[in-house]
Amino acid sequence: MFILRFLARRLGQGAIIIFLVSALIFTLLRVVPGDPVRLMVGGMAPDTLVEEIAAEMGLRDPIYVQFGRYMGNVLKGDLGESFVRPASGAAVGGASFDDSTRGERAKVLDLIAETAPMTLQLALLAMVFALMIGVPIGVWGGLYPGRLPDRLALYTSSVFVSLPNFWLGIVLALLLSVKLNLLPAIGYKGFSYTILPALVLAVEIAPFIIRTLTVSVAGVMGQSFIDIARVRGLSRNQIVFRHALKNSAVPLLNLLGVQFSMLLGGVLVIEFIFDYPGLGLLTINAVMQRDFPLIQGIAIVTAAVFVLINIAVDLLATAIDPRLDY
C-alpha cells in the first residue's frame, strides 16, 4: 500500500515537472531570435515562400495554440517530426542526392530511440569506471579520518574535479589514441570507441563519489552501534562490510541517481569532442539547426528519465534503510 501511494504521488509530481519543462523549452525556442523555416528553405528563398511554409506548419499561430497542439500529440505518443532531418536520419539536416527519403521527415521518437542506447552504454560504462576509482579511495579515506588516507582522498578528488573535461578528453585522445594507439577516439565502430569518453566522464564523476563516501563512512564509523559491534566481537572487515558500507550506501545511491540522470540526458561536450553518436551530439546538432521538435522531444524524454530514476533511487533507498520516509 505504501508503494502504491508513493508511486501515485511521485508520478503525479513527475508529470507536473515534465509539463513545466516542456512549456519552458517550447516557449524559449519560439522567443529567441531566428526562424527555423528560413534555415529549411535556404537564405535565398523569397519571404513569401517562407511565410507560406511557416503558416502551413502552424509556426505563426500564437504560442499557446502551438503548445496545446503539441502537448495533445505528445499525450498520444507522437513527439512530432524533425524540421530538417530526412527519414534516413542524416546527421546534418540533409541527405545524399539519391536518397529516396529526402522528401520525408524523420520521426523525433525514432531519432531519440536510435541514439539513446549509445548514451546509455556510455553512461553505464562511465559509472562502472567511476565506482572502480571512487569506492576504494572513498572508503579508505573514511576509515581513517584526519589521517593520510583521508588527505590522499581529498587531494585526489580535488585534482580530478579541477580537470576540465574538454581538456582531459583532448589530452587522453592525443595520448592513448594518437601517440600510443591503444584506444580509438573518434566516432563509433564498436564498443572500444566507448572506453575513452567513459574514462573522461569517470574522472569527472569520481570526485563526488570519493567525497560522499569519505564523509559518510567516517560518520557511520563514529556511531555508537559500531562500538557495540566491536564489543560483540565482530572483526573489522565484518563491521565495515555489514554495517559501515550498508549505512553509507543511501547517500551514495542518491548521488549516483543524480549523476546517472545527467549522463542519460546527454553529455554534450564529451560526445561532441569524440563525435560519439549519442543524445548529446544529437542535441547539439538540433540546437545548431533550430530543430524545434527534436529539441523539445529530447527535453521531454530527458525529464521523464530523470523523474523515473529518482523514483527508483528513492525506492531502493527505502529498501536499504526502512527508516526513511518519502
Side-chain angles (χ1 to χ4, degrees), residues 18 21-23 25-30 32 34-43 45 49-50 52-61 63 66-123 186-189 193-194 263-268 270-272 274-305:
I18 294 171
V21 169
S22 303
I25 297 296
F26 193 94
T27 304
L28 289 177
L29 287 174
R30 280 154 180 78
V32 295
D35 190 347
V37 179
R38 174 63 66 181
L39 295 177
M40 293 169 59
V41 300
L49 177 61
V50 172
E52 180 182 346
I53 295 176
E56 291 177 359
M57 297 176 65
L59 294 177
R60 296 298 184 259
D61 294 336
I63 293 179
Q66 296 182 51
F67 182 67
R69 184 167 56 233
Y70 177 75
M71 291 306 296
N73 292 330
V74 169
L75 293 176
K76 300 175 185 177
D78 181 11
L79 296 180
E81 296 180 349
S82 168
F83 280 172
V84 296
R85 288 173 178 254
S88 62
V92 291
S96 59
F97 182 76
D98 57 351
D99 187 351
S100 60
T101 67
R102 286 173 62 91
E104 304 173 13
R105 298 297 96 188
K107 294 285 186 181
V108 168
L109 198 56
D110 292 341
L111 292 172
I112 295 175
E114 290 173 5
T115 54
M118 303 298 298
T119 295
L120 177 61
Q121 176 178 279
L122 176 60
I186 304 300
Y188 185 85
K189 296 180 181 179
Y193 285 78
T194 310
L263 290 176
L264 289 181
V267 189
L268 305 183
I270 298 303
E271 291 190 7
F272 182 75
F274 291 99
D275 195 28
Y276 188 84
L279 277 176
L281 189 60
L282 184 68
T283 303
I284 291 175
N285 288 331
V287 171
M288 294 175 63
Q289 298 163 354
R290 296 188 59 79
D291 196 343
F292 288 177
L294 186 52
I295 299 172
Q296 293 157 189
I298 293 173
I300 290 175
V301 170
T302 301
V305 168

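When a residue number appears, it is its place in the shown sequence, counting from 1.
- Residues Glu271 and Thr119 bring a donor and an acceptor atom of their side chains to less than 3.5 Å of each other.
- For the pair Thr283 and Ile295, the minimum side-chain heavy-atom distance is 4.5 Å or more.
- Minimum heavy-atom separation, Val21 to Ala299: CG1-O, 4.2 Å.
- Side-chain contact check for Gln296 versus Phe292: some heavy-atom pair is nearer than 4.5 Å.
- Distance check, rounded to the nearest 0.5 Å: CZ of Arg30 to CD1 of Ile63 gives 7.5 Å.
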Can Val301 and Leu279 be said to form a side-chain contact (heavy atoms from CB on, under 4.5 Å), step by step? CA-CA 10 Å; Val301 170; Leu279 277 176; 5.5 Å; no
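- Put simply, the side chain of Arg69 gets close to the backbone of Gly58: a donor and an acceptor are under 3.5 Å apart.
- Across all non-hydrogen atoms, the minimal contact from Gly77 to Leu109 is O-CD2, 3.9 Å.
- Taking the six-membered ring where tryptophan is involved, the planes of Tyr188 and Tyr276 are perpendicular, since the angle between them exceeds 60° and thus also 30°.
- Contact record, Leu268 with Ile284: O-CD1, 3.4 Å, taken as the closest heavy-atom pair.
- A distance of 11.5 Å separates CG of Leu120 from OG1 of Thr115, quoted to the nearest 0.5 Å.
- The side-chain heavy atoms of Leu111 and Ser82, taken from C-beta on, include a pair separated by under 4.5 Å.
- Residues Leu79 and Tyr70 form a side-chain contact, since some pair of their non-hydrogen atoms from C-beta on lies under 4.5 Å apart.
- For the atom pair CD (Gln66) and CZ (Arg60), the distance works out to 9.0 Å, reported to the nearest 0.5 Å.
- Ile300 CD1 to Ile112 CD1: the interatomic distance, rounded to the nearest 0.5 Å, is 8.5 Å.
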Mind running side-chain contact (heavy atoms from CB on, under 4.5 Å) on Leu263 and Leu122 for me, showing each step along the way? CA-CA 8 Å; Leu263 290 176; Leu122 176 60; over 6 Å; no
